[in-house]
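Both counts, for ligands and for their atoms, begin at 1 and track the order of listing.
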Amino acid sequence: MKRMLEIMDTTLRDGEQTSGVSFSASEKLTLAKLLLEELKVDRIEVASARVSEGELQAVQQITKWAKPNNYLDKVEVLTFVDDGVSLEWMEKAGAISQNLLTKGSLNHLTYQLKKTPVQHFKEIGEIFKAASKRGFINNIYLEDWSNGMRNSKEYVFQFLDFLSTQPIKRLLLPDTLGVLTYNETYDYISEIVQKYPDLHIDFHGHNDYDLGVANIMEAVKAGCHGLHLTINGMGERAGNAPMASAIAVINDFLPGVQINLNEKALYKVSKLVSAFTGISIPSNKPIVGDNVFTQTAGIHADGDSKKNLYFSDLMPERFGRKRKYALGKMSGKANIQKNLQELGLTLNNDDLKKVTARIIELGDKKERVTKDDLPYIISDVLDTDYQQKVFVKSYVLTHSKGLRPSTTLSLEIDGKTFEENASGDGQYDAFMNALRKIYKSQNMVLPRLTDYAVRIPPGSASDALCETVITWDIDGKEFTSRGLDSDQTVSAIKATEKMLNLI
Ligand SMILES: CC(=O)SCCNC(=O)CCNC(=O)[C@H](O)C(C)(C)COP(=O)(O)OP(=O)(O)OC[C@H]1O[C@@H](n2cnc3c(N)ncnc32)[C@H](O)[C@@H]1OP(=O)(O)O
């Protein structure tokens, strides 16, 4: 029978310790719901006690939602050894599960708290007594435990002996500074699991040496019962062990262990955390990065066409994603074919070679080519008459101090011309509002704009050109379009015109 492993998500506590990040109360509530109900993590740590009035309100909102939904014991708060001040805070917040932060190394105890082990244990015992009287669940962090195992092992085991007499539900062992190697993680966790078989042990790994995932793997192999992870690996300094990679590793490489997470929700949660924090997900971040299911090399695309030769167990569909084939100087015919198939286009062999040659040429010039540029490239290379159905014929954009920007737009759809005026928060917003009016008048639906990125194109010799890449969503299907111009709004309008011809 498989061993159950608890997954605790600490994006809302340790993840919020990412420099520059602060979740609002409603963002915390939205994420708490998503984490517990869709991703189906076992527990969430949502705040440190005492931090601020805003944090108190955030935890209050979460516990108010969690209680009637039977999630209250899954919502945890980090508390301090502070004569019960944190317990009062928890009570006000409506929380019942504390993760008490104590000192797991003699160094931290001596020099930060300036206490002796006897004093520390006595205070902790009193907190547990008071917490138990209130019916709270007690979990305990041994902060700096990993260094404690290296430098003050005797103290750590003295502490654990004391804890085995206390009313604790879980022992939380953090590699606070992310300094453990995977061998040490295995050895230290094994030693404790063997010596204290009745304790539930969680491992909390940080990523300072990029060993976060390797270390959680060893901790599980050594017999720990739970892991602390964060979405997108957010967290203090280099962050924590990242949720998505950790889950894939557990599911694929640790067959004796069972977790109950919904892999398909990982991407959605990851995107939402990125949107709330303003921290973009690196495109090569395993599982959730934009490029991680994209084959670039022509040889790979060719192998996939023949017998899925470049597939692994890490299939994009597991995570609600799709494999893509990049276009650029590394493309071969197979990459182009894969993209043409998606667009429902076919080319004969000679034409395919010509289009491939043009894409390689563009790639050499550092131009970014997307699937949605293909119809234009084909029409240009083959001199075919690409049937553009929507034309932005003309427009006036106004921007003046003290007045709302406005647009007059003239648009041709299938040979018919429409004209509309609209205002907006900015020039592009005004343009979109006029466009929406035209589409609405024709009972036509526009896709939802989900992302808008402006940059100087890579390799551009001057800053005279501006590239706008817009991501659109239509019925859950995402696609991008790109515009290039010396004017930022015009480049966005060009990207939008391309979109109008793709839907
Ligand atoms: C492993 C981790 O990631 S731990 C993360 C813990 N969470 C946080 O730190 C949340 C953010 N922190 C805060 O908002 C604030 O630091 C507070 C509210 C906790 C305390 O603020 P202040 O009272 O202004 O203290 P300050 O931040 O300057 O210093 C921390 C104090 O906590 C003490 N402290 C350190 N660890 C602990 C502990 N486990 N229990 C109780 N007190 C502790 C320090 O000794 C210091 O006390 P001192 O001022 O008497 O010397």
Close aromatic pair by centroid cut-off 6.0 Å: F159 and Y155: yes

No-hydrogen, no-angle side-chain donor-acceptor test under 3.5 Å, N335 and Q295: no

Mutual orientation of the aromatic rings belonging to Y141 and H204 [parallel < 30°, tilted 30-60°, perpendicular > 60°]: perpendicular

H200 and D202 side chains, donor-acceptor separation under 3.5 Å: yes

Residue pairs, two or more places apart or on separate chains, that pass side-chain hydrogen bond (donor to acceptor under 3.5 Å, both in side chains) and touch residues 53-64: K28-E55

Residues lining ligand 1 [heavy-atom distance under 4.0 Å, listed by chain and residue number]: R13, Q17, S48, R50, V51, L78, F80, V81, L101, K103, Q112, L113, E143

Residue among T110, L142, D144 satisfying side-chain contact (heavy atoms from CB on, under 4.5 Å) with S105: D144

